[in-house]
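Since the model is a prediction, treat every value here as computed from it, not as a measurement.
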Amino acid sequence: MSGTSPVIEVDELCKSYGGTVAVDEVSFAVARGEIFGMIGPNGAGKTTTVECVEGIRKPDAGRISVLGLHPLRDRARLRQVLGVQLQHGMLPDRLRVGEALTLYRSFYRDGVEPERLLAELGLTASRNTAFADLSGGQAQRLSIALALVGKPRIAVLDELTTGLDPQARRDTWELVEQVRESGVTVLLITHFMEEAERLCDRVAIIDRGRLAALDTPDGLIARAGVQQRVRFRATGPFDRARLAGLAEVSGVTTQRGEAVVTGTGDLAHAVNAELVRQGVVATEIRLDRATLDDAFLAVTGRRPAPDGERE
């Protein structure tokens with residue numbers, strides 16, 4: 001995290017529903033200008049945590065500060081600086097895109113002109129389209145526009161791309177990156193590991209109501225000790241023992257005439273350098289890189305929920 005003061009501070013947050021603990025002493029801080037991701041299995045406590053940050057739910061214990069404001073005591077002031085895209089956000093079927101933006105703009109003292117947001121988010125041609133007639137990608141663009149129309153300093157995006165096709169999902173990722181480039185801090189809740197790995201500067205893994213891990217995506221992968229695999233075919237014989245002796249290498253096997261080297265760190269570079277030293281040329285080299293999905297499994301013991309499943 002950068003040296004600037006955090007814009008969100010959460011300290012030992014706790015929240016229960018009856019006898020069920022939803023959030024158990026969760027602490028983290030979000031730096032100004034970063035995309036901070038929160039991932040976890042269904043029911044892990046992600047949405048409850050964020051709803052406490054937004055002032056929607058009252059914590060049982062702990063401290064929360066958002067831009068120096070208390071989410072409950074300063075709720076009216078917080079609404080002017082915090083833009084929220086809700087997980088189940090819906091609008092009346094007949095409300096048109098332009099009308100929705102004009103309506104939401106009226107809620108704020110200072111905000112962005114609707115026409116500007118329509119242009120920036122590629123919605124100009126949809127200005128007069130009813131909400132019920134929008135495609136999934138268009139509806140998500142509108143959702144982002146509504147979160148930004150108040151000119152917030154922080155935007156909360158909750159399960160933003162659930163249900164979208166792959167192209168619409170990638171288009172939405174580009175929009176999120178544009179939001180950050182405009183100076184807005186983004187708090188992103190998602191169960192898509194590829195999404196978190198692509199967009200987030202840092203990621204918090206929430207599991208069973210607790211903060212299980214917090215780091216950059218690369219840091220989480222490295223800390224989990226997830227194995228990588230380098231596969232190649234060699235033009236001649238090579239010394240497997242010398243490959244196996246490299247610090248980055250944990251094993252060398254052969255599968256269907258292809259050498260498979262497993263390990264961690266900068267594995268591909270280490271393997272290639274050793275083969276060069278042996279005077280061997282490797283062909284058809286490919287790296288099966290460890291991903292945030294692998295790190296998530298290592299931390300929680302579970303795979304992320306499939307598309308469409310949420311808390």
Query raised in the report: Taking Ile35 as the fixed residue, which of Val203, Val176, Leu187, Thr185 is the one that meets the side-chain contact (heavy atoms from CB on, under 4.5 Å) rule?
Result: Val176
Report task. Only counting residues at least two apart or in another chain, list the ones meeting side-chain contact (heavy atoms from CB on, under 4.5 Å) with Val184. Result -> Ala155, Val179, Ser182
Report summary line: The complete set of side chain to side chain donor-acceptor pair (under 3.5 Å) pairs with one or both residues in residues 93-103, sequence neighbours excluded, reads none
**Report entry** Nearest heavy atoms of Glu197 and Leu292, plus distance in Å
**Finding:** OE1-N, 3.1 Å
Report summary line: Taking every heavy atom of Asp171 against every heavy atom of Arg141, the minimum-distance pair comes out as CB-NH2, 3.8 Å
Query raised in the report: Is a side-chain N or O of Thr262 found less than 3.5 angstrom from the main chain of Ser250, in a donor-acceptor match?
Result: no
Report task. Check the hydrophobic clustering (I, L, V, M, F, W, Y; side-chain heavy atoms under 4.5 Å; chains of links allowed) and say if Phe192 and Ile221 are grouped together. Result -> no
Query - Shortest non-hydrogen contact from Arg57 toward Pro59 - result: O-CD, 3.6 Å
Query raised in the report: Out of curiosity, Tyr17 OH to Thr48 OG1, how far, rounded to the nearest 0.5 Å?
Result: 3.5 Å
Report task. State, yes or no, whether a side-chain contact exists between Leu123 and Leu117 at a heavy-atom distance under 4.5 Å. Result -> no
Query raised in the report: Going from CG on Asp288 to CD on Gln227, what distance comes out if it is rounded to the nearest 0.5 angstrom?
Result: 12.0 Å
Query raised in the report: If you look only at pairs with a residue in residues 116-127, which of them pass as a side chain to side chain donor-acceptor pair (under 3.5 Å), with sequence neighbours excluded?
Result: Glu115-Arg127, Arg116-Glu120, Ser126-Gln138
Could you give the side-chain donor-acceptor pairs of residues 20-31 under 3.5 Å, partners two or more places apart or in another chain?
{"unit_1": "Asp24", "atom_1": "OD1", "unit_2": "Arg210", "atom_2": "NH1", "d": "3.4"}
{"unit_1": "Asp24", "atom_1": "OD2", "unit_2": "Arg210", "atom_2": "NH1", "d": "2.9"}
{"unit_1": "Ser27", "atom_1": "OG", "unit_2": "Glu12", "atom_2": "N", "d": "2.6"}

Requested in this report: Give a yes or no on whether a salt bridge exists between Glu195 and Arg198, defined as a side-chain N under 4.0 angstrom from a carboxylate O.
Outcome: no
**Report entry** Arg289/Asp218 ion pair, N-O < 4.0 Å
**Finding:** yes
Report task. Applying side-chain hydrogen bond (donor to acceptor under 3.5 Å, both in side chains), name anything that partners Asp215, two or more places apart in sequence or on another chain. Result -> Arg223
**Report entry** Test side-chain contact (heavy atoms from CB on, under 4.5 Å) applied to Asp207 - qualifying residues, sequence neighbours left out
**Finding:** Pro41, Ala212, Thr300, Arg302
**Report entry** Qualifying residues under side-chain hydrogen bond (donor to acceptor under 3.5 Å, both in side chains), relative to Glu194, sequence neighbours excluded
**Finding:** Arg170
Query - Smallest separation among heavy atoms of Gly37 and Cys200, with atom names - result: CA-SG, 3.5 Å
Pair up each side-chain donor or acceptor in residues 64-72 with any protein partner under 3.5 Å, not counting sequence neighbours, and list the distances.
{"unit_1": "Ser65", "atom_1": "OG", "unit_2": "Gly68", "atom_2": "N", "d": "3.4"}
{"unit_1": "His70", "atom_1": "ND1", "unit_2": "Leu72", "atom_2": "N", "d": "3.1"}
{"unit_1": "His70", "atom_1": "ND1", "unit_2": "Arg73", "atom_2": "N", "d": "3.1"}

Report task. Group every Ile, Leu, Val, Met, Phe, Trp and Tyr by side-chain heavy-atom contacts under 4.5 Å, then state whether Leu220 and Leu267 land in the same group. Result -> no
Query raised in the report: Got more than 12 heavy atoms from elsewhere within 6.0 Å of CZ, Arg77?
Result: no
**Report entry** Atom CZ of Arg229: over 12 foreign heavy atoms under 6.0 Å
**Finding:** no
Would you be so kind as to tabulate the donor-acceptor pairs closer than 3.5 Å made by side chains of residues 251-261, with sequence neighbours excluded?
{"unit_1": "Gln255", "atom_1": "OE1", "unit_2": "Arg231", "atom_2": "NH1", "d": "3.2"}
{"unit_1": "Glu258", "atom_1": "OE2", "unit_2": "Arg286", "atom_2": "NH1", "d": "2.8"}

Query - N/O donor-acceptor pair under 3.5 Å between Ser143 side chain and Ala139 backbone - result: no
**Report entry** Within residues 218-252 or reaching into it, pairs that qualify as ring pair (Phe, Tyr, Trp, His ring centres under 6.0 Å) - sequence neighbours excluded
**Finding:** Phe232-Phe238
Query raised in the report: Ignoring hydrogens and geometry, is there a side-chain-to-backbone donor-acceptor pair from Gln278 to Asp239 under 3.5 Å?
Result: yes
Query - Apart from Val281 itself, residues in the same hydrophobic cluster as defined by side-chain heavy atoms under 4.5 Å - result: none
Query raised in the report: Applying the 4.5 Å side-chain criterion to the ILVMFWY set and letting contacts propagate, would Leu199 and Leu148 be lumped into a single cluster?
Result: yes
Query raised in the report: Does Asn272 reach the main-chain N or O of His269 with its side chain, forming a donor-acceptor pair under 3.5 Å?
Result: no
Requested in this report: Ignoring hydrogens and angles, state whether a donor on the side chain of Gln178 or Glu174 is under 3.5 Å from an acceptor on the partner side chain.
Outcome: no
Query - Contacts of Tyr108 that satisfy ring pair (Phe, Tyr, Trp, His ring centres under 6.0 Å) - sequence neighbours left out - result: none
